[in-house]
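Reading through the structure tokens given below for one structure.
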Number of protein chains: 2
Amino acid sequence: MRTCVFLDHNATTPVDPAVLTAMAPYWAECAANPSSVHRAGVAARRAVDAAREQVAAFVGVQPAQVIFTSGGSEANNLFLRGAAAVRRPGWVLVSAAEHACVRRPAKGLARAGWQVGEVGLDAEGRIDAADLRAQAMGGVGVASFIAAHNETGVLQDIPALADIARAAGAAVHTDAVQMAGKLPIDFAGLGVDALSLSAHKLHGPKGIGALVVGKRLDLRAQIEGGGHEHGLRAGTENVPAIVGFGVACELAAARMAEEGARQTALRDGLVKALQAEGAVVFGAGAARLPNTVFFAVRGVDGATLLLALDEAGFALGSGSACSSSDHAPSPTLLAMGVAPDLARGAVRVSIGRSTAAAQLQQFRAALATCLAGLRGLASVAV
Amino acid sequence: MRTCVFLDHNATTPVDPAVLTAMAPYWAECAANPSSVHRAGVAARRAVDAAREQVAAFVGVQPAQVIFTSGGSEANNLFLRGAAAVRRPGWVLVSAAEHACVRRPAKGLARAGWQVGEVGLDAEGRIDAADLRAQAMGGVGVASFIAAHNETGVLQDIPALADIARAAGAAVHTDAVQMAGKLPIDFAGLGVDALSLSAHKLHGPKGIGALVVGKRLDLRAQIEGGGHEHGLRAGTENVPAIVGFGVACELAAARMAEEGARQTALRDGLVKALQAEGAVVFGAGAARLPNTVFFAVRGVDGATLLLALDEAGFALGSGSACSSSDHAPSPTLLAMGVAPDLARGAVRVSIGRSTAAAQLQQFRAALATCLAGLRGLASVAV
């Protein structure tokens with residue numbers, strides 16, 4: 001495979017070398033099961049405890065509030081299904097910007113007698129607080145709002161949304177998978193009852209994440225068994241991945257301020273250049289993640305542009321990686337009022353720690369070449 | 001930590017060096033999300049596909065029949081909850097020998113209107129087919145029977161049990177987590193609709209497992225989202241762990257015959273020695289895994305013996321690691337008719353690929369010393 005410039009960090013991130021080093025002893029030498037009572041088991045348990053403290057500190061909670069899961073999708077499902085399971089069926093509210101792993105389990109609650117409401121977005125991709133207030137009037141059981149959008153990077157005003165939903169009686173959750181590692185997270189400040197994290201979005205390993213829960217949240221386990229994770233998630237602890245997750249959180253916190261400023265400057269330069277090329281940058285009027293630019297060029301198909309850029313050595317996303325095989329325009333863009341034709345042109349740049357300014361210069365040159373070629377093609381086709 | 005002889009392979013196993021080597025490229029260089037459409041994503045997808053073929057070949061099925069999960073507990077829960085979700089509530093039958101991650105979700109189905117029956121065991125730990133036949137008379141919706149027991153190592157006659165349960169209308173599952181890697185598994189030959197595997201029990205990484213499903217099994221996803229795993233299990237694929245799981249299956253298959261014979265000889269020698277010491281070996285009259293010896297010495301507390309052996313440098317289990325913190329006697333032993341006092345003495349040796357004959361000699365000497373000490377203590381205490 002040719003080397004490529006990886007500009008798809010919202011899909012996943014390479015594991016940091018320091019994270020890998022921390023994980024290394026737990027594959028073989030210290031491979032015991034943390035539930036075992038012998039010394040090897042106790043050592044594994046201590047490693048899990050230490051990582052739980054790191055993850056807890058990362059979002060400002062007590063270690064006992066961290067429930068390790070296999071990732072963000074499981075954490076989101078655990079909240080929606082687990083909170084609904086211990087409540088009388090009523091309204092579940094999610095926004096039109098949610099990831100499929102919130103949207104689908106929310107819709108699934110209809111089978112258990114829940115009514116599902118979708119809160120709209122404004123043209124910049126922000127969740128419409130007035131719409132939420134209107135839909136919440138009759139009371140809400142469960143609600144979930146994404147903290148930072150995986151495609152647009154748009155940040156939501158979670159404290160305000162959580163206030164409204166909690167006042168209506170809801171257990172409120174935020175999917176903070178894309179926010180974590182890019183901007184500071186203070187659980188108490190967000191005002192939610194639960195929050196999802198995923199290690200592989202912040203240079204930790206795949207296969208590990210967490211649902212962080214408020215102390216008063218009532219929840220039912222969705223994987224039952226040996227009573228792991230305070231009885232809320234059974235299964236042998238994934239010790240190396242948990243250790244890696246903890247270290248990834250520490251590294252992210254240590255580098256966040258500097259990286260955030262660096263990436264914001266890179267992003268702003270890219271946005272300017274794209275707009276000069278005639279591209280539409282989605283959510284450009286909203287506060288956004290420092291690393292994400294979601295854009296489209298009128299008349300240029302996103303999938304085609306993506307392939308041309310890939311051929312030129314640049315790996316980008318077309319939106320949510322998890323839905324990238326179905327070629328439908330992003331539901332989030334449609335909910336923002338973007339015309340389907342333009343939405344079909346959407347391409348996402350998401351930079352990361354290893355992205356150098358020079359790589360983005362190369363990317364801009366490659367994009368200009370690709371666009372010239374594709375526009376030429378389009379004019380020939382017309 | 002002092003070096004110790006690890007005789008607790010049924011709790012977990014060290015990752016094989018060849019497995020780690022295979023996983024290595026997928027942490028950073030090839031860290032893409034398999035759902036991404038660019039070349040890096042396609043390469044990750046190919047790695048997942050190749051591992052799926054290895055796991056499928058390991059149990060004699062087509063790759064599309066393998067649903068990757070975060071491990072055995074999730075796989076067992078997926079079957080029980082997922083199969084029940086698409087069936088009219090009726091009877092769910094499990095045996096008295098099941099792991100907590102089968103027993104508890106089965107009991108949980110009562111909330112959805114299911115009736116839960118537990119099939120008894122004979123004195124050797126075998127599931128009582130006559131009891132199953134009697135309980136299945138009125139029809140069964142969902143059934144699950146453990147293939148090889150984690151504590152006793154006793155093998156069940158899954159084809160016979162599955163026949164009875166399927167004839168009564170059940171979707172039948174077997175938890176083959178402890179059998180996999182120790183004895184050959186042929187999915188079709190077992191006659192079940194689904195089967196659970198866990199990589200970390202066969203020298204693969206923690207955090208990955210699979211539910212292997214029959215082509216006609218109707219099942220509902222328990223983690224919904226981006227449509228991964230044929231829509232049956234959402235979440236970004238844990239690429240390194242999946243790759244490691246595939247290689248671990250290949251290695252286990254390649255070494256199984258030789259290791260099985262070697263471990264059987266070691267086990268038989270140990271059983272003889274233990275019986276000569278006056279120990280009771282549970283399930284000694286039944287066909288068992290080649291690596292497992294579950295025993296007790298009358299008048300000697302299992303937890304105390306375990307700690308003494310740990311102090312002497314030998315890591316053993318007291319039964320299911322997942323329940324090892326609650327100090328209650330094994331429900332499986334009680335179901336076999338073992339007196340609670342004797343059951344509280346139970347200690348498990350589970351050997352592995354790296355266990356040398358000399359280590360078991362050392363273990364026997366250490367055990368004799370520990371027992372002499374503890375018996376002396378007991379006689380003083382009396």
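Naming: A, B, ... by sequence-line order, numbering from 1 per chain.
The structure places OG of S70(A) at 14.0 Å from CZ of F68(B), a figure rounded to the nearest 0.5 Å.
Among the candidates A32(A), A241(A), G41(A), the residue making the largest number of heavy-atom pairs closer than 4.5 Å to chain B is A32(A). Put simply, of I223(A), N76(A), L307(A), V15(A), the one with the most heavy-atom pairs under 4.5 Å next to chain B is I223(A). Among the candidates L306(A), V239(A), L20(A), the residue making the largest number of heavy-atom pairs closer than 4.5 Å to chain B is L20(A).
Of the atoms belonging to L316(B), it is backbone heavy atoms, and not side-chain ones, that fall under 4.5 Å from chain A. Residue contact with chain B, scored on non-hydrogen atoms closer than 4.5 Å, is absent for H9(A). Heavy atoms of A221(B) lying under 4.5 Å from chain A belong exclusively to its backbone. Residue contact with chain B, scored on non-hydrogen atoms closer than 4.5 Å, is absent for V19(A). In this structure, chain A has a heavy atom under 4.5 Å from the backbone of T13(B), while its side chain stays farther away.
Between G226(B) and A100(A), the shortest heavy-atom distance links the atoms N-CB, 4.0 Å. Listed here is the closest heavy atom pair of A11(A) and S36(B): CB-OG, 3.8 Å.
By the ring-ring contact (aromatic ring centres under 6.0 Å, His included) test, W27(A) pairs with W27(B), sequence neighbours left out. For F314(A), the ring-ring contact (aromatic ring centres under 6.0 Å, His included) partners are F363(A), not counting sequence neighbours.
A distance-only check finds a donor-acceptor pair linking the side chain of K206(B) to the backbone of A31(A) [under 3.5 Å]. No donor-acceptor pair under 3.5 Å is formed between the side chain of N33(A) and the backbone N or O of T12(B). Panel note: side chain D310(A), backbone H38(B); no donor-acceptor pair is recorded below 3.5 Å.
Environment of CZ in R111(B): crowded, with over 12 heavy atoms of neighbouring residues, nucleotides or ligands closer than 6.0 Å.
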* To do: Starting from the C-alpha separation in whole Å, work towards a yes-or-no answer on side chain to side chain contact (heavy atoms under 4.5 Å, CB included) for N77(A) and Q222(B).
  => CA-CA 8 Å; N77(A) 275 261; Q222(B) 298 301 297; over 6 Å; no
* What do the steps show when you test C101(B) against H228(A) for side chain to side chain contact (heavy atoms under 4.5 Å, CB included), and what is the final call? -> CA-CA 11 Å; C101(B) 65; H228(A) 311 79; over 6 Å; no
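Salt-bridge check for E224(B) with K107(A): failed, with every basic side-chain N at 4.0 Å or more from each acidic carboxylate O.
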